[in-house]
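Below, chains carry the letters A, B, ... as their sequence lines are ordered, and counting in each starts from 1. Heavy-atom basis, side chains included; hydrogens, waters and symmetry copies ignored.
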Number of protein chains: 2
Amino acid sequence: MSYREKDTENEILEAAKKVFIEKGMAGARMQEIADEAGINKSLLHYYYRSKDKLFLAVFRFAVLQFLPGIQEMLTSNIPFDEKIRRFVYRYIDILLENPFVPMFIIQEIQRDPERLFNAFLEVGMRPAQIIQQFREASEKGEIKDINPEDILVNTLSLCIFPFAAQPLMQRLFCENDEQVYKEWLENRKKTVPEFIINAVKK
Amino acid sequence: MSYREKDTENEILEAAKKVFIEKGMAGARMQEIADEAGINKSLLHYYYRSKDKLFLAVFRFAVLQFLPGIQEMLTSNIPFDEKIRRFVYRYIDILLENPFVPMFIIQEIQRDPERLFNAFLEVGMRPAQIIQQFREASEKGEIKDINPEDILVNTLSLCIFPFAAQPLMQRLFCENDEQVYKEWLENRKKTVPEFIINAVKK
DNA sequence: GTCTATATTGTGATAGAC
DNA sequence: GTCTATCACAATATAGAC
């Protein structure tokens, strides 16, 4: 098969995503990635040369995956309420599929801020534009006079944190029943936007 | 000096707190803890036998440190608004002194849920009581008909997440000026309670 | 109790056969 | 491209002198 090489390379990347995103750079083991990919350890080096380079490929992917949702928030020209509803709905949807990605990014940025923040910019992140959107909503009188930074961070907090805290909260409130917790998270796609809108509307 | 032994044991624990809480179990190095404590590596084993046991001592401390604030929330019999204001103010205050502790707990619980959750219960955590308090506030008509679990998790999200995301947000919004970010966090002691109260009041 | 030296294991990386 | 075997070094842990 002429695409056999591509297949292996991709299986390695998929395995690396799973292990790195769940355990972080320090906690991940090359052996575990190889097992997950169903291949030998040395093939990892054949394709990616080092643990560090493989990690960076995963990190770039993780950042890329979570940018589109945020970018959509700033480009659309719909009213504030609707913007929040759409963003939260879509963002929690992505999170249900990839629960660990945002915390992985945050955790690893803390470990090596200089280098990893560059990967963040490389990929086209323009934070000032997002803030500007909220500022305009405030000036248009759609919402209260609240720091646009607060609205953005509060929104991200309410979306992301419940996923980060899942292992703990699930035990505390759901008798460790994953299905029950997932349904509660699903339900937040509707309750969180209303929570935010009530908090900031005039 | 008759308390010399106690001193060393305590200096080790302090050093271990600093390193483990910032880097996690997988990222921490016994050598770094020894350096931080200004002593030799083997003394760590003399006092705590293994990395695992030293880690567990730190984890127990971290959980204990963040329980009192949460417990206060459920014992006081003041009105809902005032309860939220006091809790958020105190909680962000503790976080300003210990920015990494909650994420440390969340991250490590995920790594080893069975064992570490026990440390959580050992220390007297009673989550059902907190939920009950919010349910009563709702029944008394103080607030909207919102899941008490949502109120608790939303409150924790708004307090904790901005600290977890600090290395990222500081770069995105504050040109990496730590002082500016700290002042913004300080300011949230007032804005976050109002955000929550507006969101849930009738 | 504290140190130096050393054992032991884990882990990323390379060499070389096929 | 893929495997087995092995290296080199890092990290936890222990032995033993003082």
Looking at residues 26-44 of chain B, who's got a heavy atom less than 4.0 Å off DNA chain D?
B:Ala28, B:Arg29, B:Met30, B:Lys41, B:Ser42
Could you check, using the six-membered ring where one of them is a Trp, whether A:Phe104 and A:Phe100 have ring centers closer than 6.0 angstrom?
no
Going by the angle between their ring planes, with limits at 30° and 60°, are A:Phe20 and A:Phe55 parallel, tilted or perpendicular?
perpendicular
Round to the nearest Å and state the distance from B:Lys23 atom NZ to D:dA11 atom C1'.
14 Å
Is any NZ, NE, NH1 or NH2 atom of the basic residue among B:Asp93 and B:Arg90 found under 4.0 Å from an Asp or Glu carboxylate oxygen of the other?
no
Rounded distance in Å - CZ (A:Phe20) to C1' (C:dT11)
13 Å
Separation of atom NZ in B:Lys51 from atom C1' in C:dG10, rounded to whole Å:
12 Å
In short, salt bridge (Lys or Arg N to Asp or Glu O under 4.0 Å) pairs touching residues 166-179 of chain A with sequence neighbours left out are A:Arg171-B:Glu114, A:Glu178-A:Lys182
Round to the nearest Å and state the distance from A:Lys53 atom NZ to C:dG12 atom C1'.
13 Å
Write down the distance between CZ (B:Phe55) and P (D:dT12), rounded to a whole number of angstrom.
14 Å
So, does B:Thr8 get its side chain near the phosphate of C:dT2, meaning an N or O under 4.0 Å from OP1 or OP2?
yes
Of the candidates C:dG12, C:dT2, D:dT14, the side chain of B:His45 sits closest to D:dT14
A:Lys17 NZ/CZ over A:Phe61 ring centroid, <6.0 Å and within 45° of normal
yes
OP1 or OP2 of D:dT2 less than 4.0 angstrom from a side-chain nitrogen or oxygen of A:Tyr47, does that happen here?
yes
Rounded to whole Å, OH of B:Tyr46 lies from C1' of D:dA15 at a distance of 15 Å
According to the interplanar angle, ranging from 0 to 90°, do the rings of A:Tyr91 and A:Phe87 count as parallel (below 30°), tilted (30 to 60°) or perpendicular (above 60°)?
parallel
